[in-house]
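One structure is given here, and the rest of the page talks about it.
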Amino acid sequence: MTGYPSRTLLCGAWLVGAFLLFSVLGANAAEPKRVLLLHSFGRDFAPFSEMTKSFQAALVKRSPEPLDFYEASIFTARFQEPENEGSLVKYLQDLFAGRRLDLIVAQGGPAAAFVEKYRQQLFFDTPMVIAGVDARLTADAANTPNATYIGVKLDLPAFVENILRVRPETTDIAVIIGNSPNEQYWARELHREFQPFADRVEFEWLDELSLDEMLRRVARLPPQSAVLYFMLAVDGAGAVHPLDAAFTRIREVATVPVFGYGDYHLGQGSVGGPADQTQAIGQQTADVALRILAGERAADIKTPLFGLGIPAYDWRELQSWGIGEAILPPNSEVRFRPPNVWDTYRWYIVGTISLIVFQTLLIASFLVQRARRRTAEIGIRAKESELRVSYDQVRQLAGRLIYAQEEERTRIARELHDDVGQRVASLSIGLSSLKRRVSILMIPHEASCRDFSKRSWGWRRTCGICRTNCIQERLSMSDFWRLCGATGERH
């Protein structure tokens, strides 16, 4: 009795401890992974926004754990002198004070430059992925501690080569690019790498113009011109253009073909060609992020550089500008081709043809059966004709046989008639002689009776013979009685 309360308290303590343990484990298991996304310019500025869309979609779909995304934009990249970066650093420090981050993803060159500059102040121990950074800018990024990068290697001359291939008559190329620090860097790179084409085409650089001035210039381009749209986040007047809206406006006023920089431009009015693989970069970033969240060290992950994708073209733009598919680069893709009749009604056509074939086979089988039936009917008719002929022949033979039998019977009857007639005649003569002797000579009665009986017995025997012969010869009773009648008359 004294130990019972102690055991009860001990069991209760174990239950409380187990409950607290499972509660802590459940809380830790349900805690999501925190991921900070750093955008260059802002979340709606191409091409980095396109990479982010692809990255987030792939990461959410494939992550085995819940995710909690935080986003921040390096808006200072829009300005020529980013003196306000300190306030952004302070904001991020305050935002995540007391919160542990599991991963930082920096999209684009401006974001990569920011984290490289403030790595010691911002989450030094947090693993980091730097994505969408050209190989020209990754030398310093590769030295960032506890970080890996998804790099690209842009073949800038390939854009001009593509234009001259599909539009050999091109003599002027208007280059659309913005005027932010990042865009100015790329404008210098384009100037340098387009220099080998200076003797073949004339380049018109519109980076110092406002968007409205760009639109007016593009609308007046000569027919042998083309437009290369590279990037436009901030124009020469300092106006910001998110969502890549500038590309749509330029395409609307252009009277010459427009060629885009990224794969996201295809389908929006770009003729197409080799382009930056923003979607593939986003998916590769998601792959690396999953490996880091699973416990792999960021610095140990190495990925190959991304080049321009295979040439892809918009069929509608090719038709609009009279560009034949025969002059496109080998292994090119032509997209947005309207489906032909076969693609649109494939299953209807297959079903209809199958039904027609089935009906044709069914009709053919019916025709074959009818032909066989007709052949069988003809054979039956022929057999019936043969049987009918055979039947007629049998009837004729039977008639002849009956006729022969009748003739034979008649002959036999005639012979019997002659033979019996002779006997009857002889008997009649004997009877007549007997009669005369009885009447004339008056023979005694007894002797006469014996003689008469003897003669009568002979007559009956003769008649019996006649009947037997008639039966054996199957003579009719009329013949028999005719014979008997003839005998009676003679008698």
Can you check whether [Y]'s main-chain N or O pairs, donor with acceptor, with [X]'s side chain at less than 3.5 Å?
| X | Y | answer |
| --- | --- | --- |
| Thr52 | Phe48 | yes |
| Gln268 | Tyr264 | yes |
| Asn146 | Asp125 | yes |
| Arg316 | Phe336 | no |
| Thr352 | Tyr348 | yes |
| Glu193 | Leu190 | no |
| Ser332 | Pro329 | yes |
| Gln277 | Gly307 | yes |

Item to complete: Apply ring-ring contact (aromatic ring centres under 6.0 Å, His included) to the pair Phe159 and Phe259, showing each step before the final yes or no.
Response: CA-CA 8 Å; Phe159 293 106; Phe259 295 83; 9.9 Å; no

Practice prompt. Run the salt-bridge test on Arg192 and Glu189 with the 4.0 Å N-O cut-off and return the result as yes or no.
Written response: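 Yes.
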
Worksheet item: Is Arg337 paired with Glu325 through a side-chain N to carboxylate O contact shorter than 4.0 Å?
Response: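 Looking at Arg337 together with Glu325, the answer is yes, because their closest N to O distance falls below 4.0 Å.
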
Item to complete: Evaluate the side-chain contact (heavy atoms from CB on, under 4.5 Å) criterion for residues Phe55 and Leu37: first the C-alpha distance (whole Å), next the side-chain angles of each, then the deciding distance (0.1 Å), finally the verdict.
Response: CA-CA 10 Å; Phe55 161 73; Leu37 299 179; 3.3 Å; yes

Measure the acute angle between the ring planes of [X] and [Y], then classify it against the limits of 30° and 60° as parallel, tilted or perpendicular.
| X | Y | answer |
| --- | --- | --- |
| Phe194 | Phe197 | perpendicular |
| Tyr118 | Phe114 | tilted |
| His265 | Phe247 | parallel |

Worksheet entry | Atom pair CG/OG1 of Asp300 and Thr148 - distance to nearest 0.5 Å |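 It comes to 9.0 Å.
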
Worksheet item: Roughly how far, to the nearest 0.5 Å, is the CG atom of Leu92 from the CG atom of Leu38?
Response: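 Leu38 CG to Leu92 CG: 6.5 Å, rounded to 0.5 Å.
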
Worksheet item: Under 3.5 Å, is there a donor-acceptor pair linking the side chains of Gln279 and Asp263?
Response: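 The criterion, which ignores hydrogens and geometry beyond distance, is not satisfied for Asp263 and Gln279.
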
Worksheet item: Does a donor on one side chain sit under 3.5 Å from an acceptor on the other, for Asp134 and Tyr185?
Response: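 Not at all, the side chains of Asp134 and Tyr185 share no donor-acceptor pair under 3.5 Å.
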
Worksheet entry | Selection residues 227-254 - residue pairs positive for salt bridge (Lys or Arg N to Asp or Glu O under 4.0 Å), sequence neighbours left out |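 Only Asp212-Arg249, Arg251-Glu317 qualify under salt bridge (Lys or Arg N to Asp or Glu O under 4.0 Å).
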
Identify every side-chain donor-acceptor pair in residues 379-395 under 3.5 Å, counting partners at least two apart or on other chains, and give the distances.
from	atom 1	to	atom 2	distance (Å)
Ser385	OG	Arg381	O	2.9
Ser390	OG	Glu386	O	2.9

Item to complete: Please name the pair of heavy atoms, one in Ile74 and one in Pro110, separated by the smallest distance, quoted to 0.1 Å.
Response: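 It is CG2-O, 4.3 Å.
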
